[in-house]
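Letters A, B, ... are given to chains in the order of the sequence lines, protein chains preceding strands, and every chain is numbered from 1. Scope of the values below: all heavy atoms of this structure, side chains included, with no hydrogens, waters or symmetry mates.
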Amino acid sequence: MDITSIIESLNEAQRTAVTAPPHAMLVLAGAGSGKTRVLVHRIAWLMRVENVSPYSILAVTFTNKAAREMRGRIEQLLSFPAGNMWMGTFHGLANRLLRRHAREAGLPESFQILDSDDQYRLLRRILKQLELQETSWPPRQIQWYINGHKEEGRRACHLQESYDPAERQLQRIYREYETLCEQSGLVDFAELLLRAHEFLRDSPAALAHYQQRFRHVLVDEFQDTNSIQYAWLNLLTRDNDNLCVVGDDDQSIYGWRGAKIENLHSFQRDYPNHQIIRLEQNYRSTGNILNAANALIDHNDGRLGKNLWTDSGAGDPIALYAAFNEQDEAYFVVDRIRRWIQEGGSPLECAILYRSNAQSRQFEEKLIAMGIPYRVYGGLRFFERQEIKDALAYLYLLTHRDNDAAFERIINTPTRGIGARTIDYLRNLARAQQLTLWKAALHARTANDLPARAQTLLGGFIDLINALSERMADRPLHEQIRLAIENSGLLEYYRKEKGEQAETRVENLEELVTAARQFEAEPPGAEEDLSATPLERFLAHAALEAGEAQGDPYQACVQLMSLHSAKGLEFELVFIVGLEEGLFPSMQSLEQPGRLEEERRLCYVGLTRAQKLLYLTYAESRRLYGKEHRARPSRFLNELPAENCQEVRARANVNRPVASYEAAARSGFEDGSAAAGGSFRLGQSVFHAKFGEGVILQAEGSGAQARVQVKFAESGVKWLVLAYANLQGR
DNA sequence: CTCGATGAGTTTTTT
DNA sequence: ACTCATCGAG
């Protein structure tokens with residue numbers, strides 16, 4: 001048995017973790033310390049050396065991407081497919097469990113998954129039904145309320161009736177929502193986890209079975225687990241002490257969506273025999289970057305403690321740039337990227353990271369102007385697009401007529417003359433008689449309560465769905481989908497729509513057929529849920545994995561993304577921008593100390609993304625929500641050791657610089673550095689080719705519009721546009 | 001149904 | 001400032 005390939009490339013700590021005898025283990029893996037590597041090699045070790053069957057292993061991740069990567073790397077290491085290993089996201093695994101035991105878990109065999117947009121729509125519908133104003137009951141907040149409770153394991157019936165009328169109302173909405181989901185066979189994301197937990201908790205036989213089966217449970221990014229996820233893991237492993245978790249408390253950045261950093265403490269309490277292994281050697285960044293990151297995170301309290309180190313040398317210092325405003329900041333960053341590419345750097349190895357997505361625009365504009373290709377992460381993903389969701393809604397309704405969410409979405413899409421009146425009538429009928437919308441429609445067709453025209457049209461819709469359903473039977477999946485988008489009129493509808501967007505929509509619909517074909521060819525995950533039809537499996541897949549944001553993997557693009565999205569990634573050249581109080585750390589986090597620590601961890605995550613070069617920038621003035629704001633530099637900048645940083649431009653110690661980087665560069669001062677004399681301040685002496693010696697009195701504008709007022713000794717006071725005046729500093 | 005006016009909200013994201 | 005959604009008029 002060749003085990004050298006499994007352990008030869010590992011360092012001491014990694015090897016300890018990989019080869020430890022099976023028992024509870026906590027691997028504290030710092031950024032860039034080979035976390036995934038340890039997980040992958042650990043699994044390989046279990047199989048090769050401990051003779052563990054892949055059947056006995058459960059490996060859990062947070063994203064599909066991470067699950068895919070792990071599976072790929074294991075298969076590569078062992079050179080055989082790890083087909084029957086349960087490996088996936090919490091939600092994916094919960095789905096699998098519930099499909100197998102739908103009945104016992106109290107769900108219909110063909111339950112369908114609601115994504116958060118579906119959930120949002122459903123809640124709005126309930127509000128309308130309860131005649132509540134969206135302004136006083138914002139659906140987003142209700143969504144948050146419901147999911148929050150579910151993530152803590154609380155159903156509506158568990159909530160104590162409150163004396164607070166607002167709270168009572170929320171509970172009522174929650175109850176109503178549960179009823180509706182139950183009726184329509186719908187399961188939202190939080191429900192998947194909650195159901196899976198309740199099912200195991202309440203079915204001793206099933207619990208025993210899975211406890212027996214999963215001799216080894218491994219969890220990635222453990223610091224991101226929420227209460228119900230931990231409870232589920234604990235159910236499965238508490239009797240066998242067989243939970244191995246990998247995580248980093250310093251990279252916990254999802255507290256705001258329910259992640260419980262406390263789970264790390266719960267783990268230590270619940271598995272008293274656990275072993276802790278720290279991975280502190282970093283293979284990613286230079287010494288300067290790591291030192292700064294360590295110093296920053298040291299400002300947080302109650303850490304489990306960890307100090308990253310590297311033996312790869314100090315590297316360049318971290319560069320700080322104080323921009324005049326957001327325009328200047330963007331110009332500076334993009335100009336540095338231009339140089340990087342010019343010197344042979346790859347755009348793919350270069351990332352701009354920001355706290356809020358709205359910040360991307362400035363950079364995009366400048367990148368476009370410079371003709372540098374870029375990619376922004378974080379938009380709508382494939383299965384979230386309107387036209388795709390429309391098509392999926394047809395498929396949902398075709399497989400399950402009681403899916404009210406789907407019914408409501410497509411009853412009049414494409415427009416077929418079934419208006420609000422008819423739909424309201426159906427809703428009332430459904431509510432009054434405890435029917436689903438589909439059943440209400442069947443009633444209405446014969447009841448003669450509707451105007452004749454509406455009745456006919458409604459009948460037409462029912463016939464359409466039924467006929468389509470028949471025609472689709474026994475066809476291959478991609479054929480079914482093609483039939484659905486064509487016969488429903490959806491394709492035609494988007495074809496006729498004008499505008500560029502419509503074109504992409506048609507393309508996307510066609511792409512959906514391709515995606516289905518691909519899904520048939522190589523179904524992701526094991527072929528375990530044979531209970532479901534291919535179409536049902538495809539729908540679950542679509543809900544659980546929203547797909548990539550945008551294609552274009554062929555072009556080497558500069559990467560723009562939020563700091564959150566950057567977690568887990570690395571780049572040679574990284575810019576963290578907008579380091580201002582109120583922006584990063586964000587305004588909302590300033591009040592709560594816990595939130596502020598999370599912001600600091602987010603900054604830590606950002607710093608540790610950089611392999612070689614790291615730039616930190618902030619703007620002294622920024623347009624935000626239509627108003628000009630002056631902000632102090634982020635406190636995080638002050639928390640970095642001076643010896644690891646270097647200001648790109650020495651700044652005037654009294655007066656603020658009035659010239660932007662952009663104007664300075666254009667007017668011939670190559671990088672705007674003080675040494676080159678490019679930083680103009682109020683009161684500074686300057687020289688102009690025609691007007692001679694002068695002193696700067698005032699300044700206004702920025703970027704290409706930046707102007708200064710200069711009092712010339714000979715020619716008097718003049719306003720000059722910096723970009724053209726070619727002023728020389730003195 | 002489509003268009004333009006009006007008004008509210010505006011950190012971060014995966015499933 | 002800008003986006004997004006809803007609402008009323010044509």
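Aromatic ring orientation, A/F538 versus A/F519: perpendicular (interplanar angle above 60°, classes split at 30° and 60°). Ring-plane geometry between A/F575 and A/Y615 is classed as parallel, the angle between the planes falling under 30 degrees on a 0 to 90 degree scale with a further cut at 60.
Between A/G419 and A/Q588, the residue anchored nearer the 5' end of DNA chain B, judged by the nucleotide with its closest heavy atom, is A/G419. Mapped onto DNA chain B by nearest heavy atom, A/N357 and A/T63 fall at different nucleotides, with A/N357 at the one closer to the 5' end.
Between A/Y494 and A/Q386, the side chains place a donor N or O and an acceptor N or O closer than 3.5 Å (distance only, hydrogens not considered).
A/H400 has its ring centre no less than 6.0 Å from the ring centre of A/F111.
In this model, the phosphate group of B/dT11 is approached by a side-chain N or O of A/Y625 to a distance below 4.0 Å at OP1 or OP2. The phosphate of B/dC1 has OP1 or OP2 within less than 4.0 Å of a side-chain N or O from A/N412. An OP1 or OP2 oxygen of B/dT14 is reached within less than 4.0 angstrom by no side-chain nitrogen or oxygen of A/S116. One finds a side-chain N or O of A/S565 lying less than 4.0 angstrom from the OP1 or OP2 phosphate oxygen of B/dT13. The phosphate of C/dA1 (OP1 or OP2) has no side-chain N or O of A/R361 nearer than 4.0 angstrom.
C/dA5 sits 16 Å from B/dT12 when the P atoms are compared, rounded to a whole Å.
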- Is there a salt bridge (charged side-chain N to carboxylate O under 4.0 Å, His left out) between A/E134 and A/R124 once you walk through the steps? CA-CA 8 Å; A/E134 281 188 21; A/R124 291 184 59 186; 2.9 Å; yes

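As judged by a 4.0 angstrom heavy-atom cut-off over every strand, A/S586 is placed among the base-contacting residues. Using a 4.0 Å heavy-atom cutoff across all strands shown, A/F90 reaches no nucleic acid atom at all. Contact annotation for A/N64: backbone-only contact, meaning every heavy-atom pair under 4.0 Å involves sugar-phosphate atoms and none involves a base.
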Check the interface with nucleotides 4-10 of chain C: list each N/O to N/O pair with the protein under 3.5 Å, or write none.
| unit_1 | atom_1 | unit_2 | atom_2 | d |
| --- | --- | --- | --- | --- |
| C/dT6 | OP1 | A/R124 | NH1 | 2.7 |
| C/dT6 | OP1 | A/R124 | NH2 | 2.0 |

Extract from the structure each pairing of a protein N or O with an N or O of nucleotides 2-4 of chain B at less than 3.5 Å, listing the distance.
none

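A/I146 has its side chain within reach of A/L123: a pair of non-hydrogen atoms, C-beta onward, lies under 4.5 Å apart. Side-chain contact between A/E152 and A/K260: present, with at least one pair of heavy atoms (C-beta onward) separated by less than 4.5 Å.
A/R600 places no side-chain N or O within 3.5 Å of a backbone atom of A/L596 that could act as its donor or acceptor partner.
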